[in-house]
Amino acid sequence: GAVVSQHPSWVICKSGTSVKIECRSLDFQATTMFWYRQFPKQSLMLMATSNEGSKATYEQGVEKDKFLINHASLTLSTLTVTSAHPEDSSFYICSAIGVGGSSTDTQYFGPGTRLTVL
Amino acid sequence: GESVGLHLPTLSVQEGDNSIINCAYSNSASDYFIWYKQESGKGPQFIIDIRSNMDKRQGQRVTVLLNKTVKHLSLQIAATQPGDSAVYFCAENPNTGGFKTIFGAGTRLFVKA
């Protein structure tokens, strides 16, 4: 149980285009999902917290107009990288906490999406 | 500011030996700590967690120790196997009222056969 999927697993796009990444909780409902970015040989950096039915909470330094997050259902959150540039190339990872979860509940992570912007 | 860091960026051990991965955290208010394993090109995988009211927790082949006095975490892996080769991250919940998790820098574990 507690499986989180991401789609696509990798994507290559041209500079200036937008890319949408999906994060789904497959066997549980998630009121809260998280989006992380990881550059090579670095740690995961939290970008934003996605709450079902409300606006996402972005971490300091993350441009909300560039990284659009939508959490329209209890099983799906999407991250759209708008007007992507080569410096946005990274490994994007989502995680989810089940409905009714507390701050000490386990986050279940997706497999990640490798974005390469040419 | 809040940060979680690791003493050693890489660790190389012989198969069958025990591994110890260390982590320092700076936020004394953090109340929940987690160790994750990340294999190349994959998302983090939960290994073990510990709450701040505990100082030791054991799982299958893994033990986490928490020393709140010096704000230090360690992950001990018994009888390390080649499949344990990965990057290990400690993470903390800074107890700011939400689910925010802060990841440490990571330690790469190499297991020599």
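Not measured: the values here are computed from a predicted model. Naming: A, B, ... by sequence-line order, numbering from 1 per chain. Both backbone and side-chain heavy atoms feed into the values below; hydrogens, waters and symmetry mates do not.
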Worksheet item: Just how far is it from atom CG of Asp49(B) to atom CD of Gln107(A), taken to the nearest 0.5 Å?
Response: 11.5 Å
Worksheet entry | Region of Thr49(A) in contact with chain B, defined by heavy-atom distances below 4.5 Å | neither
Worksheet item: Checking ring pair (Phe, Tyr, Trp, His ring centres under 6.0 Å) for the pair Phe103(B)/Tyr36(A): CA distance, chi angles, key distance, verdict?
Response: CA-CA 10 Å; Phe103(B) 278 75; Tyr36(A) 294 84; 5.5 Å; yes
Worksheet item: In terms of hydrophobic clusters joined by side-chain contacts under 4.5 Å, are Leu68(A) and Val19(A) together?
Response: no
Worksheet entry | Which portion of Glu59(A) sits near chain B, non-hydrogen atoms under 4.5 angstrom | side chain
Worksheet item: Do Ile47(B) and Leu109(B) share a hydrophobic cluster (ILVMFWY, side-chain heavy atoms under 4.5 Å, transitive)?
Response: yes
Discussion item. Would you say CD of Gln60(B) has more than 12 non-hydrogen atoms from neighbouring residues, nucleotides or ligands within 6.0 angstrom?
Written reply: no
Response to the item:
Pair count under 4.5 Å, heavy atoms only, with chain B: among Gly112(A), Ser43(A), Ser9(A), highest is Ser43(A)
Worksheet item: How many angstroms lie between OG1 in Thr101(B) and CZ in Phe109(A), if you round to the nearest 0.5 Å?
Response: 6.5 Å
Worksheet item: Can you find a pair of side-chain heavy atoms, one from Gln38(B) and one from Ile93(A), that are under 4.5 Å apart?
Response: yes
Worksheet item: Does one hydrophobic cluster hold both Met33(A) and Leu76(A), with members joined at side-chain heavy-atom distances below 4.5 Å?
Response: no
Worksheet item: In this structure, are over 12 heavy atoms from other groups packed under 6.0 Å from Lys68(B) atom NZ?
Response: yes
Worksheet item: With the 4.5 Å side-chain cut-off for hydrophobic clustering, are Leu115(A) and Met45(A) part of the same group?
Response: no
Item to complete: State whether the number of non-hydrogen atoms from other residues, nucleotides or ligands found under 6.0 Å of Lys20(A) atom NZ is greater than 12.
Response: no
Discussion item. Please find the pair of heavy atoms, one from Phe91(A) and one from Lys42(B), that lie closest to each other, and give the distance.
Written reply: CE2-O, 3.6 Å
Worksheet item: To the nearest 0.5 Å, how far apart are OG in Ser95(A) and OH in Tyr36(B)?
Response: 7.0 Å
